[in-house]
Number of protein chains: 2
Amino acid sequence: MGVTIEDCREKFKSFLIKHNLRMTGQRMAIFEAVFKATSHFTAEELLDSAREIDRTVSRATVYRSLPILVESNLVREVDIGSSTMYYMPNTEEDPHKAQVICSDCQKIFEISAPFLQWYGSSVSSKLGLTPVSQRLQVTAACEELKASGVCTKGNEIFS
Amino acid sequence: MGVTIEDCREKFKSFLIKHNLRMTGQRMAIFEAVFKATSHFTAEELLDSAREIDRTVSRATVYRSLPILVESNLVREVDIGSSTMYYMPNTEEDPHKAQVICSDCQKIFEISAPFLQWYGSSVSSKLGLTPVSQRLQVTAACEELKASGVCTKGNEIFS
DNA sequence: CAGTTATTGAGAACGATTTGAGATTGATGG
DNA sequence: CCATCAATCTCAAATCGTTCTCAATAACTG
């Protein structure tokens, strides 16, 4: 069982308090937007996403919040060193699970993929690289499930 | 079941960001023009088509964008043998390759992963979903390679 | 409550990249 | 040789992604 969004939210709150930072509506909206993302995103995309939650979030606040999220280890900076930043939620994925994302309703299923870590390591070392992480993401459509009411609009993660 | 234009658009955006290139209106117009094409086209035809989307697109920008689109594997260069180079959108699914991204230098290697499509399909149907696409992304570090000069700062795509 | 202080949004400022217009190159064919 | 035309180059101006400024606002404290 991986880290839940509730765990992350707690971690974020603790971090804010510990660093004497305030828990504002905008920061929480940005947090929620980060963990709604299924993959990497840019600051601009995060702004759009956060504004869907709280219309008052400004670009400046997104750019101010990202370093906090990175600092608290909840978000990973992907393109280190370059002037353009690239982020993704750092949910410390189980290296043996793949995610199946429904392209209709965005529901995420986590599925066992026992070969995943092995494949990442073997391919990396074949290239002379040090393995870091691997992510297997399957996209699939749920029309039928939606029709039957099993797959509702939502973002829960199933196992 | 091909790659959707949305997948391609995401891939293009990712490529631009990863390579520290900006996502300009003109580049996006050229992208859209490419994927509106039903068959092969010349740079000049692409210019006309892109201008229907964004009147400000210039010839120079089309010629500058084509190598980016080819490099990102979204467009294929077709050498007919005439003095004019032809291009076509590359919507061909490559469901059997994984990407290995170096976390140090952002170089991308494309590696065979023959099980990938099978896994996507089988997992999708196990959940009662219709498979759409699958992506396996391995992150690895190249410190040693960089030291040895094999892996230089750069963004080429290797196969 | 009221006081203190962090945080905010709007937009100006920033450096760097990308742009368009047109000049230039360099093949190709007449 | 010259004319044509695809492709590349040039450079000042425009735009991009990001940071900064500052007056107004909103969280915590007691």
Side-chain angles (χ1 to χ4, degrees), chain A residues 9 12-33 40-72 75 77-87, chain B residues 12-33 40-72 75 77-88 106 153-155:
Chain A
R9 201 180 285 113
F12 186 46
K13 289 183 184 177
S14 302
F15 186 91
L16 290 178
I17 293 167
K18 197 177 281 172
H19 290 78
N20 204 27
L21 300 168
R22 293 174 183 174
M23 207 179 80
T24 66
Q26 290 88 343
R27 289 219 251 247
M28 293 319 286
I30 290 166
F31 170 89
E32 299 299 332
H40 53 252
F41 51 84
T42 63
E44 201 63 25
E45 286 163 353
L46 181 58
L47 172 62
D48 289 343
S49 176
R51 274 188 166 155
E52 285 176 19
I53 298 168
D54 178 345
R55 199 160 8 80
T56 77
V57 173
S58 75
R59 194 186 325 279
T61 301
V62 167
Y63 277 102
R64 286 191 280 240
S65 297
L66 277 168
I68 297 173
L69 286 156
V70 170
E71 188 72 12
S72 61
V75 166
E77 223 173 51
V78 175
D79 209 354
I80 300 158
S82 100
S83 60
T84 313
M85 307 258 189
Y86 206 54
Y87 302 91
Chain B
F12 186 46
K13 288 185 184 177
S14 297
F15 187 89
L16 291 177
I17 293 166
K18 272 189 197 123
H19 294 242
N20 206 21
L21 300 168
R22 292 176 183 174
M23 209 177 77
T24 66
Q26 290 88 344
R27 290 219 250 246
M28 293 319 286
I30 291 166
F31 170 90
E32 299 299 333
H40 58 258
F41 51 84
T42 64
E44 203 62 26
E45 287 162 353
L46 180 59
L47 172 61
D48 289 343
S49 176
R51 273 187 167 155
E52 286 175 19
I53 298 168
D54 179 345
R55 198 157 10 78
T56 75
V57 173
S58 75
R59 192 186 326 278
T61 301
V62 167
Y63 278 104
R64 286 179 191 121
S65 298
L66 277 168
I68 297 172
L69 286 158
V70 170
E71 185 74 10
S72 61
V75 166
E77 226 174 45
V78 183
D79 195 343
I80 303 249
S82 83
S83 61
T84 311
M85 186 60 80
Y86 280 82
Y87 300 89
M88 59 188 297
Q106 272 71 53
K153 276 280 180 198
N155 293 298

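Hydrogens, waters and symmetry mates are skipped; everything else that's a heavy atom, side chains included, is used. Chain A is the first sequence line, chain B the second, and so forth, proteins listed ahead of strands; every chain is numbered from 1.
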May I ask you to test the B:M28-B:F12 pair for a side-chain heavy-atom distance under 4.5 Å? yes
Side chain proximity check, B:M23 to A:E44, heavy atoms < 4.5 angstrom: no
Please pick, from [options], the nucleotide with the shortest atom-to-atom distance to any side-chain atom of [X].
X	options	answer
A:L21	D:dC20, C:dA21, C:dT7	C:dT7
B:T24	C:dT7, D:dC9, D:dC16	D:dC16
B:Q26	C:dT19, D:dA7, D:dC20	C:dT19

Determine yes or no for a side-chain-to-main-chain donor-acceptor pair under 3.5 angstrom, with B:R27 supplying the side chain and B:R22 the backbone. yes
Spacing of [X] atom [atom1] relative to [N] atom [atom2], expressed in whole Å:
X	N	atom1	atom2	result
A:F41	D:dG17	CZ	P	16 Å
B:H19	C:dT18	NE2	C1'	17 Å
B:I68	C:dT17	CD1	C1'	11 Å
A:N20	C:dT7	CG	C1'	12 Å
B:Y63	C:dA23	OH	C1'	16 Å
A:R59	D:dT15	CZ	C1'	13 Å
B:E45	D:dA7	CD	C1'	16 Å
A:D48	D:dG17	CG	P	12 Å

Rounded to the nearest 0.5 Å, what separates atom CG in A:L46 from atom CZ in A:F41? 5.0 Å
Atom pair CZ (B:R64) and CG (B:L66), whose distance is rounded to the nearest 0.5 Å: 12.0 Å
Hey, does [X] reach any base, or is it just sugar-phosphate, or nothing, if we go heavy atoms under 4.0 Å?
X	result
B:E44	nothing
B:R27	sugar-phosphate
A:T56	sugar-phosphate

Do A:R64 and D:dT19 share a donor-acceptor pair, side chain to base, under 3.5 Å? no
Ignoring hydrogens and geometry beyond distance, is the side chain of B:R22 in donor-acceptor contact with the base of C:dA16 at under 3.5 Å? yes
